[in-house]
Amino acid sequence: MDIIKAPRGVRDVLPDESWKWAYVVETARKVADAFGYDEVHLPIFEHTELFSRGIGDSTDVVEKEMYTFKDRSGRSLTLRPELTASMVRCYLEHGMSKRVQPVKLWSVGPMFRYERPQKGRYRQFWQLDVEALGSGAPEVDLEIVTFAVYLFGTLGLSNLEVVVNSVGCPACRPVYREALKEYVGSNYDELCKTCQNRFERNPLRILDCKNEHCREIMKESPGMVGYLCDECSEHFQKVKEGMSLLGISYKEDKNLVRGLDYYTKTAFEVLSGELGAQNAVCGGGRYDNLAEAIGGPHVPGVGFAAGIERIVLTMEGQGCDFGRKPGIDVFVAIADDSARKAGLKLLYDIRRDKVSADMDYSGKSLSSQLKMASNKKAKLACILGSAEIQKGVVTVKDLASGLQEEVHQNSLMNHIKQYIVR
Ligand code: AMP
């Protein structure tokens, strides 16, 4: 019988990588604290309508990429492909409009999309999601963009490009939509099949097409910015002024869209050259009409999502520091069998003091135990035999230099702690 393997497009995050993820998430937690965002844990699956209405029926995610299934009572459920719609649902369901606005939340966890797997694109991937709900102020858009930029800066990433655009609002977008259709209409025959389909349903999504030829055609298309109403234009201006004030360099890209009516005003991405075709480390923007789309009242919101795999890949590509890899500080080694019980006791005394420690349970020789200690990258070995027990000491060996000394059991923990902070 063949060994059962993991499904295509999903991956195990093994110990040589998981500590890097932990570093990214811990850093995000610190930035979230600094910006006043609280963590939430949201369900992995939701009612399918939340996503079909909250992300939009005519998006690739909803049309082609959702993992949707019926549960045993026949309800249609979907593994979450993103978090924004769930965040808005959570806000509405828990009456958060009564709290001080904006309500600022963040979360991290796995998302699921049936996409063609490639470097940086998986069917289960992790996103860090940051959302501010209940305020339409441009300062909040600025806060969201800055959160992303500070996070990536704190992680040591460089050469990232912040790209921004405004997608307007239902007041100004229809005029733009017509102008765009007029432009696209004269190139209709040259568009890919998908874009020809988009032409009537949602022409803005043609701007987003990854097909080289479509992109070439859309280079010369009119931009939304020229059609913004006064309110959207002023909002965009304030966000850009804010970025300049805070020293965030950015590029405007007239073709950056979130192609649905619920998305309004600011759209942005942070790009990295390190990632090849899947070059977006994070994407976000404002969605003032999303709460209404899922049956709620008007709740403006803005946020971003960043892929953990892509952050880690970019950091590795740039040789960034992930902090110290968690490892064993102390290895307890037994010199002869009579010390086994005392050794076991010592192991737990060290662990109780929150110092990481390990030992061998298989009865290896002392030299094999010391090899095992080096293998585990321990800093110190605490060697215990009948001679040490008689004298009330432990032989402490520095595994880097090979130097060793006898330390009295009473002062052992102090000795270890002084040593491992060095
Ligand atoms: P989106 O929700 O599509 O705007 O994506 C936001 C971020 O999530 C992207 O910038 C990526 O970092 C990450 N991401 C999206 N889709 C995938 C995927 N299939 N595999 C890995 N990361 C992804």
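Start at 1 and go down the list; that is how both ligands and their atoms are numbered.
Scanning Gln127, Glu82, Glu115 for the heavy atom closest to atom 5 (O) of ligand 1 points to Gln127. Within the set Trp126, Phe125, Phe304, Tyr122, the minimum heavy-atom distance to atom 15 (C) of ligand 1 is found for Phe125.
With Phe236 as the aromatic partner, Lys265 does not meet the cation-pi criteria of under 6.0 angstrom to the ring centre and within 45 degrees of the ring axis.
Which parts of ligand 1 touch Ala280 is read off a 4.0 Å heavy-atom cut-off, strictly below it: atoms 9 (C), 10 (O), 11 (C), 12 (O). Applying the 4.0 Å criterion to heavy atoms of Cys282 picks out, from ligand 1, the atoms 10 (O).
Atom 7 (C) of ligand 1 has Ala305 O, 3.5 Å as its closest protein atom, hydrogens excluded (heavy atom only). Nearest non-hydrogen protein atom to atom 21 (C) of ligand 1 is Gly120 O, 3.2 Å. In terms of protein heavy atoms, atom 2 (O) of ligand 1 is closest to Arg113 NH2, 2.9 Å. Among all protein heavy atoms, the one lying closest to atom 11 (C) of ligand 1 is Arg310 NH1, 3.3 Å.
The one candidate from Asn187, Leu180, Asn211 that meets the side-chain contact (heavy atoms from CB on, under 4.5 Å) condition with Met218 is Leu180.
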Practice prompt. Give the C-alpha distance, both sets of side-chain angles, the deciding distance and a yes or no for salt bridge (charged side-chain N to carboxylate O under 4.0 Å, His left out) between Arg53 and Glu49.
Written response: CA-CA 6 Å; Arg53 284 154 60 185; Glu49 311 86 84; 5.6 Å; no
Worksheet item: Stepwise, does the salt bridge (charged side-chain N to carboxylate O under 4.0 Å, His left out) test hold for Glu200 with Lys181?
Response: CA-CA 8 Å; Glu200 281 304 335; Lys181 276 178 82 174; 3.0 Å; yes
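Contacts between Ile311 and ligand 1, counted as non-hydrogen atom pairs separated by less than 4.0 Å, are absent for every part of the residue.
Among the atoms of Glu309, none of the N or O lies under 3.5 angstrom from an N or O of ligand 1. Among the atoms of Ala306, none of the N or O lies under 3.5 angstrom from an N or O of ligand 1.
The aromatic rings of Tyr150 and Phe35 stand perpendicular to each other, their planes meeting at an angle above 60°, with 30° marking the opposite boundary. Between Tyr176 and Tyr227, the ring planes lie tilted relative to each other; the angle falls in the 30° to 60° range.
Between the side chains of Gln124 and Tyr67, no donor N or O sits under 3.5 Å from an acceptor N or O. Between the side chains of Asp329 and Tyr419, no donor-acceptor pair is found at a separation under 3.5 Å.
At least one heavy atom of Arg258 sits less than 4.0 Å from an atom of ligand 1.
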